[in-house]
Undergrad: 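One structure coming up, written as structure tokens, with questions to follow.
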Amino acid sequence: MMSGCKAVFFDLEFTAWEGSVERRWLAPGEFTELVQIGAIRADARTLEAEAEFECLTRPRLNKVLSAYFVALTGIDNDELAARGVDFERAYRDFVEFADGAPIVAFGRDDLIFEANIRLYGIAGLPPLPRHLNITPWLRNNGLDTKGKHACDVGPLAGAPFSGRRHDALDDARSVLAGVRRLVERGAASPFLP
């Protein structure tokens, strides 16, 4: 699929409300505004983690997190106010962290970045590196991913999950651990020719 010496496994958390998943964020005032980025830069050959990135991002339109989101992620409004940065800075910092390596997610989290750029009308940002949705590769290697989340990937592949479910960094760790476990069991690496 892709070659190179690095890959960045990432996950995002974004604003949500009770029922917003089922409504596909189509209710008035519901937007998928970025709240957290978690990423791990790994050696693409060995799948060993080399560096981590975590950032909270303050939504511009829905500035107060819903009780549903707080319960799901553990991120509360006080923490967001204390540590959160504007989307543009978070985006630039993430792209800098990736440093041109392909970015890998369980699904199309790259589209959340694009939606926020459009939503906020931001121009002149550096492009995201090439994105790989790892979900088809996981399915091709025996994992039933239907109805699952990034946090489920490690356990589905036989790797333990540690941390908090729906924490972007912990979820990115789970995806990396699951891919590494499948490769250790004989799956062809998605990063090597």
Side-chain angles (χ1 to χ4, degrees), residues 1-14 21 32 34-57 72-74 90-117 125-193:
M1 287 183 178
M2 294 180 182
S3 62
C5 58
K6 306 289 179 212
V8 174
F9 290 77
F10 79 104
D11 188 64
L12 305 177
E13 299 300 331
F14 42 88
V21 173
T32 55
L34 190 61
V35 177
Q36 185 188 33
I37 306 170
I40 304 165
R41 190 170 48 241
D43 183 297
R45 294 176 299 266
T46 65
L47 298 173
E48 292 299 320
E50 295 181 347
E52 294 184 344
F53 173 88
E54 190 271 340
C55 180
L56 293 183
T57 305
L72 181 70
T73 66
Y91 176 91
R92 288 181 185 279
D93 288 350
F94 173 71
V95 170
E96 182 178 323
F97 175 80
D99 194 26
I103 57 174
V104 182
F106 181 75
R108 295 299 311 272
D109 279 10
D110 59 316
L111 298 178
I112 300 299
F113 282 120
E114 293 173 11
N116 278 248
I117 291 167
L125 290 176
L128 281 175
R130 186 169 14 159
H131 173 263
L132 169 63
N133 174 2
I134 199 70
T135 309
W137 182 87
L138 295 169
R139 282 193 209 117
N140 290 340
N141 285 285
L143 297 191
D144 180 6
T145 60
K146 186 174 183 177
K148 304 297 184 191
H149 302 279
C151 52
D152 300 315
V153 173
L156 285 171
F161 179 85
S162 61
R164 181 182 174 95
R165 292 172 52 88
H166 304 294
D167 172 274
L169 183 55
D170 290 338
D171 290 358
R173 289 177 181 138
S174 180
V175 174
L176 173 58
V179 171
R180 186 171 45 240
R181 181 60 56 96
L182 290 172
V183 169
E184 289 169 353
R185 292 193 333 223
S189 173
F191 307 106
L192 302 177

Undergrad: Checking Val35 against Thr73 for the side-chain contact (heavy atoms from CB on, under 4.5 Å) test, could you report, in this order, the C-alpha distance in whole Å, the side-chain angles of both residues, the deciding distance, and whether it holds?
TA: CA-CA 10 Å; Val35 177; Thr73 66; over 6 Å; no

Undergrad: For residues Ala44 and Ser189, report the shortest heavy-atom separation together with the two atoms involved.
TA: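 Closest approach of Ala44 to Ser189: O-OG, 4.1 Å.
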
Undergrad: Of all the heavy-atom pairs spanning Ile40 and Ala172, show the shortest one and how long it is.
TA: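 Nearest pair, atom of Ile40 first, then Ala172: CD1-C, 3.8 Å.
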
Undergrad: Does a side-chain heavy-atom distance below 4.5 Å link Leu192 with Arg45?
TA: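 Yes, side chains in contact.
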
Undergrad: Would you please name every residue forming a side-chain hydrogen bond (donor to acceptor under 3.5 Å, both in side chains) with Arg185, sequence neighbours left out?
TA: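 Checked Arg185 against side-chain hydrogen bond (donor to acceptor under 3.5 Å, both in side chains); zero matches.
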
Undergrad: Under the side-chain hydrogen bond (donor to acceptor under 3.5 Å, both in side chains) rule, collect the residues that match up with Thr32, sequence neighbours excluded.
TA: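 Once residues adjacent in sequence are excluded, Thr32 has no partner under the side-chain hydrogen bond (donor to acceptor under 3.5 Å, both in side chains) criterion.
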
Undergrad: Do Val95 and Leu125 come within less than 4.5 Å of each other through their side chains, counting heavy atoms only?
TA: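 Result no, sub-4.5 Å side-chain heavy-atom pair not found.
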
Undergrad: Using 0.5 Å steps for rounding, measure from the CG atom of Leu169 to the OG atom of Ser174.
TA: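 Result: 11.5 Å between the selected atoms.
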
Undergrad: Begin from the C-alpha positions of Asp11 and Val175 and carry the test side-chain contact (heavy atoms from CB on, under 4.5 Å) through to its verdict.
TA: CA-CA 9 Å; Asp11 188 64; Val175 174; over 6 Å; no

Undergrad: Measuring from Arg139:CZ to Thr145:OG1, what's the distance to the nearest 0.5 Å?
TA: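 Arg139 atom CZ to Thr145 atom OG1 measures 3.5 Å (nearest 0.5 Å).
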
Undergrad: Is the side chain of Asp144 donor-acceptor paired with the backbone N or O of Lys146 at a distance under 3.5 Å, no angle test?
TA: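 Answer holds: yes.
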
Undergrad: Side chains of Leu132 and Trp137: does their closest heavy-atom pair fall under 4.5 Å?
TA: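 Answer no - side chains too far apart.
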
Undergrad: May I have the step-by-step check of side-chain contact (heavy atoms from CB on, under 4.5 Å) for Leu156 and Leu138, ending in yes or no?
TA: CA-CA 10 Å; Leu156 285 171; Leu138 295 169; over 6 Å; no

Undergrad: Identify the heavy atoms of Ala39 and Phe94 that sit nearest to each other, and give their distance.
TA: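 Minimum heavy-atom separation between Ala39 and Phe94: CB-CE1, 3.8 Å.
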
Undergrad: If a pair satisfies side-chain hydrogen bond (donor to acceptor under 3.5 Å, both in side chains) and one of its residues is in residues 48-57, list it, with sequence neighbours excluded.
TA: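 Residue pairs passing side-chain hydrogen bond (donor to acceptor under 3.5 Å, both in side chains), neighbours aside: Lys6-Glu50, Gln36-Glu54, Glu52-Arg173, Glu54-Arg83.
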
Undergrad: State the CZ-CD1 distance between Arg41 and Ile103, to the nearest 0.5 angstrom.
TA: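 Answer rounded to 0.5 Å: 13.5 Å.
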
Undergrad: Please test Leu128 against Tyr91 for side-chain contact (heavy atoms from CB on, under 4.5 Å), starting from the C-alpha separation and ending with a verdict.
TA: CA-CA 9 Å; Leu128 281 175; Tyr91 176 91; 3.7 Å; yes

Undergrad: Please give me the minimum heavy-atom distance between Ala105 and His131, naming the atom from each residue.
TA: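 Looks like CB-NE2, 3.8 Å.
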
Undergrad: Would you call Phe161 and Cys151 a side-chain contact if the rule is heavy atoms closer than 4.5 Å?
TA: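 With C-beta onward as the side chain, the pair touches.
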
Undergrad: Here's a test for you: under side-chain hydrogen bond (donor to acceptor under 3.5 Å, both in side chains), which of Asp152, Asp171, Asp170 qualifies with Arg165?
TA: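 Considering Asp152, Asp171, Asp170, a side-chain hydrogen bond (donor to acceptor under 3.5 Å, both in side chains) with Arg165 is found only for Asp152.
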
Undergrad: When you compare the side chain of Pro129 with that of Val8, does any pair of heavy atoms fall below 4.5 Å?
TA: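 The answer is no, as the side chains (C-beta and beyond) never meet within the 4.5 Å cut-off.
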
Undergrad: Judged by atom type as modelled, is there a donor-acceptor pair below 3.5 Å linking the side chain of Asn116 to the main-chain atoms of Leu34?
TA: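 Present.
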
Undergrad: Looking at every non-hydrogen atom in both residues, tell me the closest pair between Gly38 and Ala168 and how far apart they are.
TA: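 What the structure gives for the nearest pair is N-CB, 3.4 Å.
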
Undergrad: Identify the heavy atoms of Ala157 and Leu182 that sit nearest to each other, and give their distance.
TA: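 Closest heavy-atom pair between Ala157 and Leu182: CB-CG, 4.0 Å.
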
Undergrad: Would you give the length of the straight line joining atom CD1 of Ile112 to atom CZ of Phe14, rounded to the nearest 0.5 angstrom?
TA: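 Going from the CD1 atom of Ile112 to the CZ atom of Phe14 covers 4.0 Å.
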
Undergrad: Using 0.5 Å steps for rounding, measure from the CZ atom of Phe97 to the CZ atom of Phe10.
TA: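 Between Phe97 CZ and Phe10 CZ, I get 12.0 Å after rounding to 0.5 Å.
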
Undergrad: Taking CD in Glu96 as the centre, count heavy atoms belonging to other residues, nucleotides or ligands within less than 6.0 Å. Is the count above 12?
TA: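 Counting neighbours around CD of Glu96, 12 or fewer heavy atoms of other residues, nucleotides or ligands fall under 6.0 Å, so no.
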
Undergrad: To the nearest 0.5 Å, what is the distance between CD (Glu13) and CG (Leu56)?
TA: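 These two atoms lie 10.5 Å from each other.
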
Undergrad: When you measure from the side chain of Asn141 to the backbone of Ala187, do you find a donor-acceptor pair of N or O atoms at a distance under 3.5 Å?
TA: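 No; judged by distance alone, with no hydrogens or angles, the pair does not exist.
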
Undergrad: Determine the interplanar angle of the Phe9 and Phe191 rings, folded into 0 to 90°, and report it as parallel if under 30°, tilted if 30 to 60°, perpendicular if over 60°.
TA: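 Judged by the thresholds at 30° and 60°, the geometry between Phe9 and Phe191 is perpendicular.
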
